[in-house]
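Some notes on the structure that comes next.
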Amino acid sequence: MSSECDQSFGPVSYSGPTDAPGTLYFRHEWRADVHRARRFGHRSSTETAKPQRPDREVAMVREPEIEAIIAAAVDTSYLLAGDAALATPYFGADAQQSPVPADDYVLTDTEERARKLYAEILEGTEAPPGLESLPSSIDQAYRQRESDLYALRKQTVRALASLLSPSSSFTGHELASLAKAARDRSWGSVASFSPKVFVDLTRLCRDKCKYCTFVRNPLSTKTRSSGRRRPAQSLGDPRTSPAGSGRRAAQVLATAPSLDTSGPSVVDLSERPVRPPVRGAEAKNENEAYLRPEQVVELAATGRAAGCWEALFTLGDRPEERYPQARRFLREAGFDSTSDYLMHCASLVLDETGMLPHLNPGVMTFRELSRYRTVAPSAGMMLESTSWRLYSDPAGCHFGCVDKNPAVRVAVLEAAGAAKVPFTTGVLVGIGETLEERADTLLVIAAAARRWGHIQEVIVQNFRAKPRIPMRDSPEPTFDELARTAALARLLMPPEVAVQAPPNLTPRTFDDLLDWGLSDWGGISPITPDFVNPEAPWPQIEELSRRCLKRGYELRPRLCVYPAYVRSDGWISDRLAGPVDRASDAQGWARVEGPLARSLDNSAAGQLFGSC
């Protein structure tokens, strides 16, 4: 590409690969110094072959072209953020119609529900202050000239899709080189993770996504309980009496190993203690819709005794609207909704154990997020995909799932920003989306991050086929597809946003992702399995640390809320200020205690932290 910019902010001719668009819109001379990277080579993957290292001179020529595409896409993300067009669904490159506001949808039954949900999510939100004053590099004349933001968005994602394609003339080496350099500038030699427990508060959901194994259908009330849970009616009123949760938490913590690095270890992380499956194959013998408060607190206390700080609450979307079992449980427990019950359980965990809740209940409204921030320092929801096709096509994985409407899910990103909640989101790779739809999902997340500054991490998660799902015969994405998506996420996002991928979904090659811009491994539990991907155990912390060190990175524990938000004003509520301060060190990272500290010591990484 020519390094001369069209100063009139019009289309600039593009002489790149044939699978890229004929023109690109960008506002200034590309900045070759922004993403310049040192050269490095890849070792062979044990799962799939990587592109061969290209000729150095060829790579030097092609990297400026990638930089130009990224610079143009970053500008587009600013324009999307500035024009408040985030909650507009993307219909795909082949669609004839343009996106329309949710209240103009054809109101089928599902769409009527989606329209109401969309309005409910955004009720009470206001635009971020000072949004009109975009960065000076975005020339106002360019904004006025490029009035068709939808056309610009389509053109941008086509260019980004050329970087995602394994058959692209852009090699993976070129993309990885730029992404790794951007990652190292922002995060240095640290690779982070969050020691956590996985609290699957309920496995019921009103949606039925075709790739999901987390959700379990409810059972007949005539089925006898396995005895692991008591009937819901034995709860009493958990608002005033949490059925002994505080006493049980105290017992667990009293018999736990000392939470300083000198105490004897009782919880051996190498043994990976795992509680029985909540509702897996044994679901035939269970009929309770939710975990009880004392179960939640006991689980959190066990995690705290092991040195964990995060209690990840994961649950299905509003199951009470679909299942009488859920409504009955909530009514007998004294709650009006799953949201209210989640608030109660998160508050108990915070008060009784000191664990910090991270809430992932699916679609959340602005008013719910405003309440959640008083009991949890962070929350999350995977955007998954902005593909309208996957939602509207009967063959799509999201068909008939009201909470997977693209406008609804993007509206949640808007609501979380307005509520000032540090937020986790991400993209699913390989669920039937096209490369352009995948690129658009990343572009929308980047726009939300620049609009509100609340996106703390972006998860790039690969689809895994499982025997009992409708998509069991669908092909899984290759490592190259996953790695290119992670690299593009790193280059598109603001520097302070972490890029994460679950290491248990690529167990043999996850450390290779560090060379593609990855900076975080997400939550890893020594106590509970990954209930979303139960067939894929998390790596041992010692093994994770060893493989990071081999790549030149230090494994460092963090909280569910990232250090930048811990040390910034306005993001942590007054009630949470004390618990977050007790859980964090002077730099905002997690305090390392008990078995976790010894586990890191065993891998030599603990020597870098000492006892906090």
Side-chain angles (χ1 to χ4, degrees), residues 77-90 99 101-103 114-135 149 313 317-318 337 339-340 342-343 346 357-384 386 403 405-426 441 443-458 493-494 496-497 560-562 564-566 568-577 580:
S77 72
Y78 272 115
L79 294 172
L80 284 171
D83 287 11
L86 289 176
T88 306
Y90 178 57
D103 55 354
R115 179 186 67 83
K116 293 179 179 179
L117 181 58
Y118 174 91
E120 183 183 356
I121 290 169
L122 295 177
E123 183 179 357
T125 61
E126 298 179 359
L131 186 63
E132 293 76 12
S133 57
L134 293 173
L149 191 57
F313 283 83
D317 279 274
R318 307 174 194 272
S337 65
S339 175
D340 291 341
L342 173 62
M343 277 282 297
H358 174 86
L359 307 185
N360 187 11
V363 167
M364 296 166 277
T365 69
F366 169 74
R367 299 193 187 283
E368 287 173 339
L369 284 158
S370 299
R371 295 172 60 219
Y372 291 158
R373 74 185 305 271
T374 65
V375 297
S378 59
M381 182 204 71
M382 292 287 284
L383 178 56
E384 298 185 2
T386 55
D403 298 290
N405 180 294
V408 165
R409 296 189 82 76
V410 178
V412 174
L413 301 186
E414 183 86 351
K420 290 191 72 66
V421 174
F423 207 70
T424 296
T425 189
T441 304
L443 182 65
V444 168
I445 294 174
R450 291 186 168 94
R451 178 170 171 81
W452 295 99
H454 66 306
I455 303 295
Q456 58 175 356
E457 60 183 350
V458 173
M493 300 301 151
E496 63 274 11
V497 176
C560 58
V561 58
Y562 275 74
Y565 297 90
V566 171
S568 298
D569 294 335
W571 291 101
I572 305 298
S573 68
D574 292 341
R575 178 184 178 185
L576 287 167
V580 170

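Below, each value reflects all heavy atoms present in this structure, side chains not excepted, and no hydrogens, waters or symmetry copies. We're numbering straight along the sequence, starting at 1.
Across all their heavy atoms, Y372 and S339 have their closest contact at OH-OG, 2.8 Å. Taking every heavy atom of both residues into account, V458 and I455 meet most closely at CG2-CG2, 4.0 Å. For the pair A346 and L359, the tightest heavy-atom approach, listed with the atom from each and the gap, is CB-CD2, 4.1 Å. The two residues A379 and L369 have their closest heavy-atom pair at CB-CD2, 4.3 Å.
The closest side-chain heavy-atom distance from Y118 to N405 is not below 4.5 Å. When side chains are defined from C-beta on, M493 counts as touching I445, because their heavy atoms get closer than 4.5 Å. Under the 4.5 Å side-chain criterion, counting only non-hydrogen atoms from C-beta, M343 is in contact with T374. A heavy-atom distance below 4.5 Å is not found between the side chains of P377 and P422. F423 has its side chain within reach of M364: a pair of non-hydrogen atoms, C-beta onward, lies under 4.5 Å apart.
For H358, the side-chain hydrogen bond (donor to acceptor under 3.5 Å, both in side chains) partners are S378, not counting sequence neighbours. Listed by chain and residue number, nothing satisfies the ring pair (Phe, Tyr, Trp, His ring centres under 6.0 Å) test with F366 (two or more places apart in sequence, or in another chain).
Counting only distance, with no hydrogens or angles, the side chain of H454 and the backbone of L413 share a donor-acceptor pair below 3.5 Å. Formation of a donor-acceptor pair under 3.5 Å by the T365 side chain with backbone atoms of E120 is not found in this model.
M381 contributes atom CE, which lies 11.5 Å from atom OG1 of T424 (distance to the nearest 0.5 angstrom).
Identified under the salt bridge (Lys or Arg N to Asp or Glu O under 4.0 Å) test for residues 357-371, with sequence neighbours left out: E123-R367, R318-E368, D340-R371.
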